[in-house]
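Here is the structure we will look at, set down as structure tokens.
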There are 2 protein chains.
Amino acid sequence: MGDLMNNSAASGLTDTSRGRIRRENETRILEAAERVFADTGLAGATMAQIAQVAGLPKANLHYYFGTKEQLYQAVLTGILELWLDATDTIHQESDPAEALAGYVRAKMLHSRQRPLASKVFANELLSGAPFLTHYLEIELRQRVEAKSRIIAGWIADGRMTSLDPRHLFFMLWGMTQTYADFAVQIRAVLEVETLSDAAWDEATSEVVDFVLRGCGIRTAPNQPSGLVS
Amino acid sequence: MGDLMNNSAASGLTDTSRGRIRRENETRILEAAERVFADTGLAGATMAQIAQVAGLPKANLHYYFGTKEQLYQAVLTGILELWLDATDTIHQESDPAEALAGYVRAKMLHSRQRPLASKVFANELLSGAPFLTHYLEIELRQRVEAKSRIIAGWIADGRMTSLDPRHLFFMLWGMTQTYADFAVQIRAVLEVETLSDAAWDEATSEVVDFVLRGCGIRTAPNQPSGLVS
DNA sequence: AAACAAATTGACCAGTTGGTCAACTTGTTT
DNA sequence: AAACAAGTTGACCAACTGGTCAATTTGTTT
């Protein structure tokens, strides 16, 4: 219980602590950078501001990440890994209703838990995605193509309405990311300071239901959207 | 034909030319500013860049608009007028299908014709909307509330599926603005340099159909989405 | 504890930023 | 054409920008 998770006690050198400082500072800086980039984008962010949020001297950021662009690149890369996982609820064998509902729920959970990541991504797209050309034109495109074929299969089998799967993805992204990127707008309309857990569940099921109807799928499988404190 | 639109010929002073230079330069600067703000937001934009796009010396911008913030404010105000008009297809008396389809078409037309306006707005929301508090909390909120009551009426009358109208608006905004704000992403997935007229019509009817199904409305009224050159 | 690597940071720099201003040109009015 | 207002703009400035660096401290290895 009381021991401080210091493993390999007798071995002499603590393998855990190798580069510990570096790892801690890097994540600390990355978090601060994500917050600042989320609000103002690459061009608008300043190293001084990131340093202040991170609680470190500015020179320290340059020591770990070189230039502002490299720090930005690092933040973006972390986000892309997160992003590419989301489509993995959509498989050939799965039930369309469950697969699509699962996808929407995963996307809404991202908007809820990693809104800053979503905002950084949005800022990058708004400025023409100069750092994401490869991601957009290769990785994302292929992923969408693959998943679109699966959905096209479902349509051919008469399991959902006929539609262009690519546009379905555009709409899903728009609907779900709006809850992160444009949260101010949503909070203003709903007249709340922050979205409560209940409000997030409400929003999620509104989107899930709307999407399933939009896809011409009859019944939604019931599934609470997680995150119980 | 050949005359240079100089009306009130005999009257001596040309009423048309009063402040003509000012008006021309202001719109010229506003257009340049919109483009630059769209890509990088307020913080990322520089007056020098705007001046270059406008093809005017920097000091000239300050002569007409004072500070960068005031220029930004002016750009935003112009956009808000555009924005607030869109909901006007939704009336008590109108057919839900036509009203909602019309709303979506209007929004898609905005994304198509004024993508820069949409991007400026998106950037402002991403940075926390410091210049839009009044708009969001008063004007937009009331407008949404009013229109939501109408939609709630349609639901009560059994003319469409039961849903929260406010979330419907969030989804509609997300779906339609994605085609302007994240156009790079869409172009990358569709593998096109620019969206053709046909592609825009395709996208529009995909969204319209999806929305009507999502709202539980049976048939869509057929209406070509305009813009024939 | 000696030797070395890793990390810290104040001070500094050249380039850029938003903004000013005074001298000047152009347009308008009478 | 005289008088005045409106518009133009190069030169300038203080504040800030991303980035560097050398001196120093801290951590690690033997």
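The chains referred to below are lettered A, B, ... by the order of the sequence lines, with proteins before strands, and numbering in each begins at 1. All figures in this text were calculated on a predicted structure; none of them were measured in a lab.
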Problem - Side-chain donor or acceptor of A/Ser118 paired with backbone N/O of A/Ser111 under 3.5 Å - result: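 Between the backbone of A/Ser111 and the side chain of A/Ser118 there is no qualifying donor-acceptor contact (under 3.5 Å).
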Nearest-angstrom distance from the residue atom [atom1] of [X] to [atom2] of [N]:
| X | N | atom1 | atom2 | answer |
| --- | --- | --- | --- | --- |
| A/Phe65 | C/dA7 | CZ | P | 12 Å |
| A/Glu24 | D/dG27 | CD | C1' | 13 Å |
| B/Arg28 | D/dG7 | CZ | P | 15 Å |
| B/Leu56 | D/dT8 | CG | P | 7 Å |
| B/His62 | D/dA11 | NE2 | C1' | 14 Å |
| B/Asn60 | C/dA23 | CG | C1' | 16 Å |
| A/Arg20 | C/dA7 | CZ | P | 11 Å |
| B/Ile29 | D/dT8 | CD1 | P | 8 Å |

[X] side chain, from C-beta outward: closest of [options]:
| X | options | value |
| --- | --- | --- |
| B/Arg22 | D/dG18, D/dG7, D/dT20 | D/dG7 |
| B/Pro57 | D/dT9, C/dA7, D/dG19 | D/dT9 |
| A/Thr67 | D/dG19, C/dT17, D/dG7 | D/dG19 |
| B/Tyr63 | C/dT8, D/dT8, D/dG19 | D/dT8 |
| A/Ala59 | C/dT8, C/dT17, D/dC21 | D/dC21 |
| B/Met47 | C/dT8, C/dG18, D/dT8 | C/dG18 |

Problem - Exercise: identify the closest heavy-atom pair between A/Arg187 and A/Leu195 - result: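 The answer is CD-N, 4.5 Å.
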Exercise for the section: Just say parallel, tilted or perpendicular for the rings of A/Tyr179 and B/His167, cut-offs at 30° and 60°. Expected result: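 Taking B/His167 first and then A/Tyr179, their aromatic rings lie parallel (interplane angle under 30°).
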Problem - Parallel, tilted or perpendicular: rings of B/His110 and B/Trp83 (30°, 60°) - result: parallel
Practice task
Kindly indicate whether the side chain of B/Lys58 and the base of C/dG19 share any N or O donor-acceptor pair separated by less than 3.5 Å?
Solution key: yes
Handout entry: Ring centre gap for A/Trp173 and B/Phe182 strictly below 6.0 Å
Key =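 No - the distance between ring centres of A/Trp173 and B/Phe182 does not fall below the 6.0 Å cut-off.
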Problem - Below 4.0 Å: OP1/OP2 of D/dA6 and any side-chain N or O of B/Asn25 - result: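 It does not, given that no N or O in the side chain of B/Asn25 lies less than 4.0 Å from OP1 or OP2 of D/dA6.
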Exercise for the section: May I ask you to say what A/Ala51 touches in the nucleic acid, namely base, sugar-phosphate or nothing, with a heavy-atom cut-off under 4.0 Å? Expected result: nothing
